[in-house]
Participant: 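Okay, handing you the structure first.
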Amino acid sequence: MYPRCLIVDRMRGIFHDVIDLIRTLTHQRVIHMRLSQYFIPTLKEIPAEAVIPSHQLMLRSGMIRGLSSGIYSLLPLGYRVWKKVQQIIREEMDGIGGMELHLPALNPKEIWEETNRVEAFGDTMFHIKNRDLVLAPTHEEIITHIAQAFVHSYRDMPQIWYQIQTKFRNEPRPKSGVIRSRQFLMKDAYSLDNSWEGLDENYQKHYDAYCRIYDRCGLDYFVVGASSGAMGGTGSQEFMVESDAGEDLCAFNMESGYAANIEVASSQIPAVARLDENPDAEKFDTPNAKAIDDLVEQFGIPEERCAKALVYFADDVPWLIFMSGNDQLNEAKLQTALKANLIRPAQDEELLALTGANAGSIGPINLKTKLPQLADRRLEHANGMVSGANVNGFHFKNIDLDRDADIKEYVDLRTVLEGEPDPIKGLPLKVKKAIEVGHIFKLGTKYSEALKANFLDDKGEEHPIIMGSYGIGVERIVACHIEQRHDKDGICWHPSIAPFQIQITGIKVEGDNVREHAEKIFADLEGEGYEVLYDDRTGVSPGFKFKDADLLGMPINVIVGEKNLKDGNVEVKIRKSGDRKIVPVADVVATCRDLLDELMAS
RNA sequence: CGGGGUGUAGCGUAGCCCGGUAUCGCGCCUGCUUUGGGAGCAGGAGGUCGUCGGUUCAAAUCCGGCCACCCCGACCA
């Protein structure tokens with residue numbers, strides 16, 4: 001037993017230990033937010049490999065570092081942004097009842113063979129060399145596998161499961177920095193339903209959540225109807241950000257409200273009219289005509305009266321395809337029309353073997369081999385057409401496709417062009433490049449059927465689970481944000497995903513007055529809960545600090561220097577607008593709060 | 001996979017055509033002076049010239065193979 005005074009001393013000692021611990025923790029937290037300590041390797045010059053602004057600025061601001069083609073390290077400043085985007089996604093996914101889980105990136109190849117997707121992905125999927133394992137490019141198979149094991153009753157649904165996970169895709173050509181890379185983060189969500197109405201509801205919930213996510217990230221985006229591609233399914237939409245760095249083309253007319261990926265976009269371009277006169281088809285000499293334009297120039301044939309014939313293989317079956325004039329075949333539409341896993345144009349030798357002629361002289365009459373035929377709907381019942389004779393150097397004229405060809409079906413196969421009338425109001429279409437930042441799919445039962453994920457309904461009947469699949473590219477949000485919010489000096493972060501909301505620039509912090517005020521403001525702003533990066537570097541010229549601050553692009557820069565301090569003021573600069581305010585030291589916290597609230601809402 | 005280009009210090013580059021052991025700027029280290037828009041002076045460190053082979057007395061430079069990266073195209077649930 002201690003004498004009383006010793007107990008008091010001891011308690012006093014513990015009390016002081018706790019205070020010291022708090023001081024230590026606070027001190028450690030603060031010291032990491034100092035530019036003199038924080039690892040931000042900025043670059044003055046633009047690295048040669050970076051072409052687009054977001055890539056250049058991510059490198060220059062020390063957010064990322066390339067390791068290999070399409071593979072990037074996320075450095076501390078960049079990773080802060082990544083985490084913020086993920087947090088916004090988590091909050092909105094949780095908000096629609098999503099449950100976060102985490103699936104393995106390493107998958108048995110076998111499960112991917114059951115859905116035929118080892119073949120469908122082909123070289124895009126990474127394979128492990130010394131085991132029968134693959135690196136997952138997406139997770140429908142694994143989700144369905146879990147559903148198959150545990151979801152057996154209509155009472156078990158609906159479900160929304162999601163994860164934020166690293167995906168691996170062996171892109172043939174990684175490009176544009178993190179926009180097309182071989183390892184990237186994706187939020188992928190999957191809905192399980194016992195009815196098609198349920199799927200519609202879950203799809204709509206995701207649509208709404210996605211809008212909130214992109215709004216909160218400060219992105220300017222639009223939504224387009226999209227192709228379901230080899231994923232299968234009954235409907236899908238893509239969330240797009242307009243950008244010259246984009247790899248997708250979108251056709252739209254704002255006034256009529258039409259917007260679609262060029263892969264599915266259609267127009268009201270008129271069909272080729274049927275002529276009253278309909279003489280027999282007649283072969284004629286065309287020694288120098290290999291392209292539609294040659295026929296138009298040499299023989300004065302109207303472009304649309306030419307039936308361009310192409311041969312495509314759909315899962316190893318050759319098809320003869322007809323298009324009007326120079327209309328461009330849309331391969332996505334063709335793939336959908338033929339319900340094929342893989343399509344490809346025939347090669348020269350194959351053309352010769354199948355038709356008897358080379359490209360440019362192929363047509364419906366005198367084919368060497370009988371081929372299934374498909375034509376664009378513009379050509380429905382068209383006659384008076386010119387097409388190849390299946391002998392090099394000859395064409396037929398006066399072809400009646402109803403009479404002289406054996407076309408199974410007329411479907412929309414053409415790629416729309418800017419200026420054509422849109423399908424809703426017939427207003428002129430615009431076409432622009434965009435980056436896909438999200439995609440929502442009504443998958444249906446493709447995977448549940450393949451993996452036998454069935455449930456019993458209230459009548460005891462067995463059905464495949466009805467699924468939806470919903471993806472967001474995390475790095476694309478960051479890249480698009482920078483693409484949309486930068487100027488000649490650097491990034492202009494929206495406060496929602498900025499690595500720090502506030503930067504403090506100390507001018508000549510060697511001086512006691514400046515340093516003490518800057519430290520005080522630093523502590524006050526952190527005390528208010530803001531994330532603050534304090535440029536406390538000594539021996540660095542003011543110009544250097546300003547340039548760095550503009551490059552890093554925090555929404556607000558508080559400049560503490562003797563120039564204003566002698567009047568009791570500091571300067572508060574808004575990165576995006578460039579506006580500057582001179583405010584009394586005592587008002588800094590309130591000013592920052594007001595400005596950030598304003599910027600957050602903008 | 002087809003076409004084009006590049007590889008020289010941490011970054012950006014000159015030299016290559018016409019062979020003689022590598023230029024300049026930025027950055028980095030030391031010292032002094034500077035400090036409101038990428039400071040000055042002085043001194044210093046750092047390079048198997050992507051890699052392997054060939055030609056030559058001698059190769060960053062000429063020839064060939066390979067590798068990596070970038071751009072255009074094809075491809076891209």
Side-chain angles (χ1 to χ4, degrees), chain A residues 41-52 55-56 59-60 62 65-71 112 115-125 136-141 167-177 179-182 184 186 188 190 226-233 236 238 245-248 261 263 331-332 335 341-345 347 435-436 438-441 443 446-447 469-471 473 488-490 505-511 514 537-551 557 559-566 570-571 573 578 580 582:
Chain A
T42 59
L43 301 170
K44 197 187 294 188
E45 284 166 302
I46 301 172
E49 75 262 21
V51 176
I52 64 168
H55 190 198
Q56 294 172 345
L59 289 169
R60 287 191 56 213
R65 191 80 168 171
L67 179 64
S68 177
S69 182
I71 304 177
W112 287 84
T115 52
N116 263 332
R117 289 223 289 180
V118 173
E119 191 195 350
F121 272 104
D123 199 41
T124 302
M125 183 182 264
T138 174
H139 278 92
E140 281 78 12
E141 277 75 0
K167 306 291 189 208
F168 296 90
R169 292 185 194 177
N170 185 26
E171 292 294 342
R173 181 149 95 84
K175 58 190 277 200
S176 307
I179 289 176
R180 178 161 294 278
S181 61
R182 299 201 288 181
F184 57 97
M186 183 193 270
D188 47 324
Y190 306 88
S227 160
S228 305
M231 284 284 286
S236 83
E238 286 167 330
E247 299 177 337
D248 284 286
N261 191 304
E263 291 180 345
E331 294 192 351
Q335 182 172 13
N341 261 326
L342 284 172
I343 61 162
R344 64 169 180 88
Q347 290 158 3
I435 297 168
E436 178 191 348
H439 201 160
I440 52 178
F441 265 107
L443 270 187
K446 175 174 173 169
Y447 296 92
S469 146
Y470 316 88
K488 65 174 175 44
D489 295 314
T505 302
I507 306 295
K508 278 187 282 182
V509 288
E510 291 85 346
V514 169
R537 292 174 296 180
T538 52
V540 176
S541 72
F544 197 97
K545 289 192 173 189
F546 290 137
K547 288 290 184 187
D548 259 357
D550 287 344
L551 175 61
N557 188 10
I559 301 158
V560 184
E562 209 54 70
K563 186 172 120 185
N564 288 307
L565 222 42
K566 65 175 167 25
V570 295
E571 180 179 329
K573 186 184 166 192
R580 298 156 187 269
I582 308 295

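Naming: A, B, ... by sequence-line order, numbering from 1 per chain.
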Participant: Counting heavy atoms from C-beta on, name the nucleotide in B/rC11, B/rG37, B/rG36 closest to the side chain of A/Pro47.
Facilitator: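 Out of B/rC11, B/rG37, B/rG36, the nucleotide with an atom closest to A/Pro47's side chain is B/rC11.
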Participant: Using a heavy-atom cut-off of under 4.0 Å over every strand shown, decide if A/Glu331 touches base, sugar-phosphate, or nothing.
Facilitator: sugar-phosphate
Participant: Report, as yes or no, whether the 6.0 Å neighbourhood of atom CD on A/Glu119 holds more than 12 heavy atoms from other residues, nucleotides or ligands.
Facilitator: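 No, because the 6.0 Å sphere around CD of A/Glu119 holds 12 heavy atoms or fewer from other groups.
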Participant: Pairing check on B/rU48: which nucleotide meets the Watson-Crick or G-U wobble criteria with it, both distances under 3.5 Å?
Facilitator: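 The answer is none; no pair meets the criterion.
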Participant: Could you state the interatomic distance from OG1 (A/Thr138) to CE (A/Met125), rounded to the nearest 0.5 Å?
Facilitator: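 Taking OG1 in A/Thr138 and CE in A/Met125, the distance rounds to 9.5 Å.
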Participant: Could you measure between the two C1' atoms, the one in B/rU23 and the one in B/rA9, and give it in whole Å?
Facilitator: 13 Å
Participant: If you check every side-chain atom of A/Arg173, which of B/rC71, B/rC70, B/rU35 has the closest atom?
Facilitator: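 So the nucleotide nearest the side chain must be B/rC71.
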Participant: Using the P atom on both, measure B/rU6 against B/rC62 and round to a whole Å.
Facilitator: 12 Å
Participant: If you compare every side-chain N and O of A/Ser541 against the phosphate oxygens of B/rU35 (OP1, OP2), does one of them come in below 4.0 Å?
Facilitator: no
Participant: When only distance counts, do a donor and an acceptor, one from the side chain of A/Arg180 and one from the base of B/rC76, lie under 3.5 Å apart?
Facilitator: yes
Participant: Give a yes or no on whether a salt bridge exists between A/Glu140 and A/Lys446, defined as a side-chain N under 4.0 angstrom from a carboxylate O.
Facilitator: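 Looking at A/Glu140 and A/Lys446, the cut-off is not met.
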Participant: What nucleic acid atoms does A/Val540 come within less than 4.0 Å of, heavy atoms only: base, sugar-phosphate, or nothing?
Facilitator: base
Participant: Compare all side-chain heavy atoms of A/Arg173 with those of A/Arg180 and state whether any distance is below 4.5 angstrom.
Facilitator: no
Participant: Within this structure, what is the CD1-to-C1' distance between A/Ile46 and B/rU13, rounded to whole angstrom?
Facilitator: 14 Å
Participant: Ignoring the backbone of A/Ala48, work out which of B/rG12, B/rC71, B/rC76 is nearest its side chain.
Facilitator: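 Ranking B/rG12, B/rC71, B/rC76 by closest atom to the A/Ala48 side chain puts B/rG12 first.
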Participant: The side chain of A/Leu551 is closest to which nucleotide in this list: B/rG36, B/rU13, B/rG38?
Facilitator: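 That would be B/rG38.
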Participant: Does A/Glu45 make a side-chain donor-acceptor contact with the base of B/rG27, cut-off 3.5 Å?
Facilitator: no
Participant: I'd like to know if A/Glu571 reaches the base of B/rG36 with its side chain, counting only an N/O donor and acceptor under 3.5 Å.
Facilitator: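 Yes, the side chain and the base share a sub-3.5 Å donor-acceptor pair.
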Participant: What's the gap between B/rG27 and B/rG20 when it is taken at their C1' atoms, as a whole Å value?
Facilitator: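 It comes out at 32 Å once rounded to the nearest Å.
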Participant: Let me spell it out: for each of A/Phe184 and A/Pro174, pick the nucleotide of RNA chain B with the closest heavy atom. Which residue's pick is nearer the 5' end?
Facilitator: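 Taking each residue's closest nucleotide, the earlier one in sequence belongs to A/Pro174.
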Participant: Using the C1' atom in both, what is the distance from B/rC28 to B/rA45, to the nearest Å?
Facilitator: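 That atom pair is separated by 8 Å.
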Participant: Any donor-acceptor pair under 3.5 Å linking the side chain of A/Glu510 with the backbone of A/Thr538?
Facilitator: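 Checking the backbone N and O of A/Thr538 against the side chain of A/Glu510, no donor-acceptor pair under 3.5 Å is found.
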Participant: Please confirm whether the backbone N or O of A/Arg537 pairs with a side-chain atom of A/Lys545, one donor and one acceptor, at under 3.5 Å?
Facilitator: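 Present.
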Participant: Between B/rC69, B/rG36, B/rG38, which nucleotide gets closest to the side-chain atoms of A/Arg580?
Facilitator: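 The answer is B/rG36, which lies nearest to the side chain.
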Participant: Under 6.0 Å from the CZ atom of A/Arg65, do we count more than 12 heavy atoms belonging to anything else shown?
Facilitator: no
Participant: In the strands shown, is B/rG27 matched to any nucleotide by a Watson-Crick or G-U wobble pair with both distances under 3.5 Å, and which?
Facilitator: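 By the stated definition (distances under 3.5 Å), nothing pairs with B/rG27.
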Participant: To the nearest angstrom, how far is A/Asn170 atom CG from B/rC75 atom P?
Facilitator: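 Distance check: A/Asn170 CG to B/rC75 P gives 17 Å.
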Participant: Please figure out whether A/Pro137 or A/Gly561 has its closest RNA chain B nucleotide nearer the 5' end.
Facilitator: A/Gly561
Participant: Kindly say whether A/Leu43 contributes a backbone atom to a donor-acceptor pair with the side chain of A/Arg60 at under 3.5 angstrom?
Facilitator: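 Yes, the answer is positive, given that a donor and an acceptor are paired below the 3.5 Å cut-off.
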Participant: Ignoring hydrogens and geometry beyond distance, is the side chain of A/Lys573 in donor-acceptor contact with the base of B/rG37 at under 3.5 Å?
Facilitator: yes
Participant: Across all strands shown, which nucleotide pairs with B/rG20 by Watson-Crick or G-U wobble geometry, both distances under 3.5 Å?
Facilitator: B/rC57
Participant: Just compare B/rA39, B/rC71, B/rC70 and give me whichever is closest to any side-chain atom of A/Phe544.
Facilitator: B/rA39
Participant: At less than 4.0 Å, is any side-chain N or O atom of A/Arg344 found next to OP1 or OP2 of B/rC75? Yes or no.
Facilitator: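 No.
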Participant: Choosing from B/rC69, B/rC26, B/rG36, which nucleotide comes nearest the side chain of A/Lys44?
Facilitator: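 Per side-chain heavy atoms of A/Lys44, the pick is B/rC26.
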Participant: How far, in whole Å, is B/rU33 from B/rC71 if one measures between their C1' atoms?
Facilitator: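 It works out to 47 Å between them.
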Participant: In whole angstroms, how far is the P atom of B/rC26 from the CZ atom of A/Arg60?
Facilitator: 16 Å
Participant: Rounded to whole angstrom, note down the P distance from B/rC66 over to B/rG4.
Facilitator: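 Looking at atom P only, B/rC66 and B/rG4 are 15 Å apart.
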Participant: NA contact type, A/Glu562, heavy-atom cut-off 4.0 Å: base, sugar-phosphate, or nothing?
Facilitator: nothing
Participant: Counting Watson-Crick and G-U wobble pairs only, both distances under 3.5 Å, name the nucleotide matched with B/rG73, or none.
Facilitator: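 Here B/rG73 is engaged in a pair, and the nucleotide opposite it is B/rC1.
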Participant: How would you label the contact of A/Ile559 with the nucleic acid (heavy atoms, under 4.0 Å): base, sugar-phosphate, or nothing?
Facilitator: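 Base, at least one base heavy atom under 4.0 Å.
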Participant: Looking only at atom P, what distance separates B/rC72 and B/rU35, rounded to whole Å?
Facilitator: 47 Å
Participant: Counting distance alone, no hydrogens or angles: does the base of B/rG38 have a donor or acceptor under 3.5 Å from a partner atom on the side chain of A/Arg537?
Facilitator: no
Participant: Look at all strands and tell whether A/Asp548 reaches a base, only sugar-phosphate, or nothing, counting heavy atoms closer than 4.0 Å.
Facilitator: base
Participant: Can you tell me how far C1' in B/rC67 sits from the matching atom in B/rG53, rounded to whole Å?
Facilitator: 14 Å
Participant: CG of A/Asn564 versus P of B/rU35: gap in Å, rounded?
Facilitator: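 Answer to the nearest Å: 17 Å.
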Participant: May I ask which nucleotide in the shown strands pairs with B/rU6, Watson-Crick or G-U wobble, both distances under 3.5 Å?
Facilitator: B/rA68
Participant: Over how many whole Å does the gap from A/Lys508 atom NZ to B/rU35 atom P extend?
Facilitator: 6 Å
Participant: Round to the nearest Å and state the distance from A/Glu510 atom CD to B/rA39 atom C1'.
Facilitator: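 For the pair A/Glu510 CD and B/rA39 C1', the rounded distance is 14 Å.
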Participant: So which nucleotide does B/rC32 pair with, by the Watson-Crick or G-U wobble rule with both distances under 3.5 Å?
Facilitator: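 B/rG40 - that is the nucleotide pairing with B/rC32, both distances being under 3.5 Å.
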Participant: B/rG36, B/rC75, B/rU13: which one has an atom nearest the side-chain heavy atoms of A/Pro172?
Facilitator: B/rC75
Participant: Taking the minimum atom-to-atom distance to the side chain of A/Ser68, which one of B/rC76, B/rC69, B/rU35 wins?
Facilitator: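 Of all the options, the side chain of A/Ser68 is nearest to B/rC69.
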Participant: Give a yes or no on whether the backbone of A/Gly561 and the side-chain of A/Lys508 come within a donor-acceptor separation of less than 3.5 Å.
Facilitator: no
Participant: For A/Phe546 and B/rU35, give me the distance from atom CZ to atom P, rounded to whole Å.
Facilitator: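 Rounded to whole Å, this separation is 14 Å.
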